[in-house]
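Below is one structure, written out as structure tokens, with a few remarks after it.
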There are 2 protein chains.
Amino acid sequence: MKEIETFLEDKKVRPTAMRVLIYKYMAEKEIAVALADIENAFTKADRTTLYRTLKTFEENGIVHQIDDGTGITKYALCDKGCNCEIEQDLHLHFHCLNCNETVCLTKHKIPHINLPEGYLAEDVNLVVKGICEKCSGQ
Amino acid sequence: MKEIETFLEDKKVRPTAMRVLIYKYMAEKEIAVALADIENAFTKADRTTLYRTLKTFEENGIVHQIDDGTGITKYALCDKGCNCEIEQDLHLHFHCLNCNETVCLTKHKIPHINLPEGYLAEDVNLVVKGICEKCSGQ
DNA sequence: CCAATAAATGCACTTCCATTGCACTTTTTA
DNA sequence: TAAAAAGTGCAATGGAAGTGCATTTATTGG
């Protein structure tokens, strides 16, 4: 708990009770979470607060947003040294069509993409959809 | 015009006036279009009709949907031999952060992705964001 | 050719999620 | 400790996708 507070402070985010709890919640989940998920977990808190907390987290490099193609924005904690902004550091995301969960495959970096002349890449989003290991096997 | 009609018939889609026009419109554009774009081009037609036309086109392999991360669904005509369903045939999409246009880079196939044990890929979505050649300079 | 049927279209409405404005509360700081 | 800043909560808005149903248009079998 104390570690979370200092971590947030390091990231220039004031560690309010709410923020610490949300961070803790996300750290315990291994999968990307939607705003609605957090909403269900913290029924006392207002949706707006959660929304803005995630926004603050994102702006300060604590979480990154994931567009997994479901139309619902998901969020996941950035890894220790995660520099989501840097192209070389981008990992891919996997969305399970069965359990509907989305995970960051942080070990899997996105291969370098060759673009036609004149195109400048700033960001890459790669989402693989299919069946996750939890659902595919016994 | 006549070719479009027979083309649609080949695809088992009845070539109504509306559908031919929409197809023509998309064929002339080189970029992916949003429902709203078509709506602006055909102010007399109802949005629902356009929506369902695109849906029909999609179901019959005439267009494919693109999720370029803007939150707005885009559509683009499938290439001659395009088999959007087949993983090996998937191409990547480029979204320009300057002009906001999205193009299919059909020449650029998505490299094969190695997934961890137990994961089964069914679909891949790869979107590169940046500056397109039109915007990046002469 | 015409009636019966099916497909396509248009209108109104709903839903879902993201986002914002404003008032209120808590924390920080001078 | 008062003033300012940051955080929180409520209500409302907005944008886009999607649906139900009535109406029109096209197809088909007699």
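Within every chain, numbering begins at 1; the chains are lettered A, B, ... in the order of the sequence lines, protein sequences first and strands thereafter. These numbers come from a predicted model, not from an experiment.
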Taking 4.0 Å as the cut-off, does a side-chain nitrogen or oxygen of [X] come that near to OP1 or OP2 on [N]?
| X | N | answer |
| --- | --- | --- |
| T16(A) | dT8(D) | yes |
| T49(A) | dG7(D) | no |
| Y51(A) | dT19(C) | yes |
| R14(B) | dA6(C) | no |
| T73(B) | dA16(D) | no |

Which atoms of nucleotides 20-23 of chain D (N or O only) lie under 3.5 Å from a protein N or O atom, and what are those distances?
| from | atom 1 | to | atom 2 | distance (Å) |
| --- | --- | --- | --- | --- |
| dG20(D) | O6 | R52(B) | NH2 | 3.0 |

Not counting sequence neighbours, list each pair that qualifies as a side chain to side chain donor-acceptor pair (under 3.5 Å) and has a residue in residues 24-38 of chain B. K24(B)-E28(B)

Salt bridge (charged side-chain N to carboxylate O under 4.0 Å, His left out) with [X]: which residues, sequence neighbours excluded?
| X | value |
| --- | --- |
| K55(A) | none |
| E39(A) | R47(A) |
| E3(A) | none |
| K2(A) | E5(A) |

At what distance, to the nearest 0.5 angstrom, does CG of N125(A) lie from CD1 of I66(A)? 9.0 Å

Scan T56(A) against the nucleic acid and name what it touches under 4.0 Å (heavy atoms): base, sugar-phosphate only, or nothing. nothing

Contact class for R19(A) (heavy atom, under 4.0 Å): base, sugar-phosphate, or nothing? sugar-phosphate

[X] [atom1] to [N] [atom2]: how many Å, rounded?
| X | N | atom1 | atom2 | answer |
| --- | --- | --- | --- | --- |
| N60(A) | dA6(D) | CG | C1' | 13 Å |
| I22(B) | dG10(C) | CD1 | C1' | 13 Å |
| L54(B) | dT9(C) | CG | P | 12 Å |
| I38(B) | dA16(D) | CD1 | C1' | 14 Å |
| F42(A) | dT8(D) | CZ | P | 12 Å |
| K12(A) | dA6(D) | NZ | P | 14 Å |
| I72(B) | dG18(D) | CD1 | P | 14 Å |
| E58(B) | dA17(D) | CD | C1' | 13 Å |

What's the shortest heavy-atom distance between A45(B) and L50(B), and which atoms? CB-CD2, 4.1 Å

Hydrophobic side-chain clustering at under 4.5 Å (ILVMFWY, transitive links): who's grouped with L120(A)? Put none if nobody. I131(B)

Could you tell me if the side chain of T56(A) sits less than 4.5 Å from the side chain of R19(A), heavy atoms only? yes

Tell me which residues in residues 26-35 of chain B lie within less than 4.0 Å of DNA chain C, going by non-hydrogen atoms. none

Let me know, please, whether M18(A) or K74(B) comes out on the 5' side of the other along DNA chain D by nearest nucleotide. M18(A)

A36(B) or L50(A): which one's nearest nucleotide on DNA chain D is closer to the 5' end? L50(A)

How bent is the helix from dC1(C)-dG30(D) to dA30(C)-dT1(D), measuring the angle between the end axes built from five pairs each, rounded to 10°? 20°

Considering residues at least two apart in sequence or located in another chain, which fulfil the ring pair (Phe, Tyr, Trp, His ring centres under 6.0 Å) criterion with Y75(A)? none

Can you name the residues that form a ring pair (Phe, Tyr, Trp, His ring centres under 6.0 Å) with H93(B), not counting sequence neighbours? H64(B), H91(B)

The criterion is side-chain hydrogen bond (donor to acceptor under 3.5 Å, both in side chains); which residues satisfy it with N98(B), sequence neighbours excluded? none

Checking R14(B) against E9(B) for the salt bridge (charged side-chain N to carboxylate O under 4.0 Å, His left out) test, could you report, in this order, the C-alpha distance in whole Å, the side-chain angles of both residues, the deciding distance, and whether it holds? CA-CA 6 Å; R14(B) 299 222 311 240; E9(B) 274 164 3; over 6 Å; no

Most 5' of V13(B) and R47(B) on DNA chain C, judged by nearest nucleotide: V13(B)

